Amino acid sequence: MSRPIKKIYDCTTGETIEREFTDEEFAQYQADQAAFITEKAEAEAKATAKAALLAQLGITEEQAKLLLS
Amino acid sequence: MAITKATASSIAPAAKGDLVVGSATNDAAVLAVGTNNTVLTADSSTATGLKWATPAAGGMTLINTGGTALNTTTTVISSIPSGYNSLRIITVVTDPQDDGGGLRLRINEDSTANRHAQGFMGATSNVQFNQTSVPITYSQDNGTPNGITITDIVFYDNTSIWKFATNFGVVNSYLDNARAEFIQTWGAYNQTGAVTSLEFFFNGGVNASGGTVYVYGVK
């Protein structure tokens, strides 16, 4: 299975090369992926909880912002 | 009109734009007009102490000629030359392959832990260096790229200070792509070496499916 691609533009020569990730880069990539999945799940859970609370209160997001302004 | 010199005969401008200037005590001379767009500059080595010179270049120079497309997993702008006052990085119509991706910037391709810190509205005090990159955007929508961001790194080639990036912009929100996702973030890099490369990628390993980055050197 091919690895993700890194593109490198060299400002001195004006040349662009594309190559597969090195072992180190691929490990970092996998760590980034795992962290992102966690962060995204947390953000979506927060958005769901917010929507549920607004529904419970019977007000819109704009009305909630107005109350807090 | 001729001007009588204190020590000799009179002198007169020969053409439009010529100047009559002092050339020595009680003496004067004509300084012929310079070429278009040159400016008058003091220069003690000339007979009149003045010369016409091309003004020093200013403004912005595009370092990565033509801009660089963001269409791989990561994109690096390398061998950034020193000598400018700051770098201005502009991204346009960046597009993550999946909803929710946010564009990140990694200075000098340095993924060592605890070297980058990120700040954003409401979270700027006592911030840890606990990142391996800093944010350019958050929570972008896939497939509706209309955004633009502007990032500045001042004194990027200084070798005795931390590096600091200020960033702001707008992208399509992934919760509702007709809405704006405004961004105002800061990034810090706790190393003092010059910035010589900039790496761009979407968080979570999301591939970039579009967008262009422009890196300018600013005088």
Side-chain angles (χ1 to χ4, degrees), chain A, chain B residues 61-82 84 87 96-102 104 106 109-113 130-133 135 138-139 173-176 179 195-208 212-217:
Chain A
M1 180 184 160
S2 61
R3 288 185 174 181
I5 299 297
K6 177 180 247 186
K7 177 197 287 187
I8 303 171
Y9 174 85
D10 187 312
C11 295
T12 303
T13 63
E15 292 177 352
T16 301
I17 61 163
E18 292 189 11
R19 61 160 174 78
E20 289 191 352
F21 278 16
T22 62
D23 289 348
E24 185 183 357
E25 289 165 349
F26 190 57
Q28 182 66 48
Y29 168 80
Q30 290 177 312
D32 289 344
Q33 266 188 321
F36 176 63
I37 289 167
T38 303
E39 282 177 21
K40 192 175 179 184
E42 287 173 357
E44 286 174 351
K46 190 175 174 184
T48 302
K50 185 176 164 184
L53 181 58
L54 288 172
Q56 192 179 348
L57 294 171
I59 60 174
T60 64
E61 187 176 350
E62 283 70 26
Q63 289 170 324
K65 283 179 183 167
L66 187 60
L67 279 174
L68 295 171
S69 63
Chain B
T61 302
L62 184 60
I63 293 173
N64 60 329
T65 307
T68 304
L70 300 173
N71 54 7
T72 54
T73 305
T74 73
T75 299
V76 176
I77 309 301
S78 71
S79 303
I80 292 172
S82 60
Y84 296 99
L87 297 177
Q97 207 166 55
D98 297 324
D99 280 345
R104 308 283 301 187
R106 179 171 287 149
E109 297 177 78
D110 187 351
S111 60
T112 308
N130 59 0
Q131 303 288 316
T132 59
S133 61
Y138 283 113
S139 303
S173 171
Y174 91 98
L175 295 172
D176 181 342
R179 293 189 179 192
V195 176
T196 57
S197 73
L198 301 167
E199 181 175 13
F200 301 88
F201 59 97
F202 280 100
N203 55 4
V206 176
N207 287 331
T212 305
V213 59
Y214 301 91
V215 180
Y216 295 89

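Chain identifiers are assigned alphabetically (A, B, ...) following the order of the sequence lines, protein sequences preceding nucleic acid strands; residue numbering begins at 1 within each chain. As the structure is a prediction and not an experimental result, all values here were calculated from the model.
To the nearest 0.5 angstrom, A/Glu39 atom CD is 8.5 Å from B/Tyr138 atom OH. With rounding to the nearest 0.5 Å, the separation of OG1 in B/Thr75 from NZ in A/Lys7 is 5.0 Å. The CD1 atom of A/Ile8 sits 6.5 Å away from atom OG of B/Ser78, with the distance rounded to the nearest 0.5 Å.
Minimum heavy-atom separation, A/Cys11 to B/Ile77: SG-CG2, 3.4 Å.
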Throw together a table of side-chain donor-acceptor distances under 3.5 angstrom for residues 62-69 of chain B, partners on residues two or more places apart or in other chains.
{"unit_1": "B/Asn64", "atom_1": "OD1", "unit_2": "B/Val215", "atom_2": "N", "d": "2.8"}
{"unit_1": "B/Asn64", "atom_1": "ND2", "unit_2": "B/Thr68", "atom_2": "OG1", "d": "3.0"}
{"unit_1": "B/Asn64", "atom_1": "ND2", "unit_2": "B/Val213", "atom_2": "O", "d": "2.9"}

Which pairs would a plain distance check flag for residues 28-37 of chain A, meaning a side-chain donor or acceptor within less than 3.5 Å of a matching protein atom at least two apart in sequence or in another chain?
{"unit_1": "A/Gln28", "atom_1": "NE2", "unit_2": "A/Asp32", "atom_2": "OD1", "d": "3.0"}
{"unit_1": "A/Tyr29", "atom_1": "OH", "unit_2": "B/Gly205", "atom_2": "O", "d": "3.3"}

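Contact of B/Ser197 with chain A is not made at all, since no heavy-atom distance falls under 4.5 Å. In this structure, no portion of B/Phe202 lies under 4.5 Å from any heavy atom of chain A. Residue B/Phe200 does not touch chain A at all, counting heavy-atom pairs closer than 4.5 Å.
In this structure B/Asp99 satisfies the side chain to side chain donor-acceptor pair (under 3.5 Å) test with no other residue, sequence neighbours excluded.
Using a 4.5 Å cut-off on side-chain heavy atoms (C-beta onward), A/Glu25 and B/Glu199 make no contact.
Contacts from residues 47-57 of chain A to chain B, taken as heavy-atom pairs separated by less than 4.5 Å, involve no residues at all.
The residue among B/Asn71, B/Leu175, B/Thr73 with the most heavy atom pairs within less than 4.5 Å of chain A is B/Thr73. For chain A, the option among B/Leu70, B/Thr72, B/Val76 with the highest count of heavy-atom pairs below 4.5 Å is B/Val76.
Few gaps surround CZ on A/Arg19; more than 12 heavy atoms of other groups in view lie less than 6.0 Å from it.
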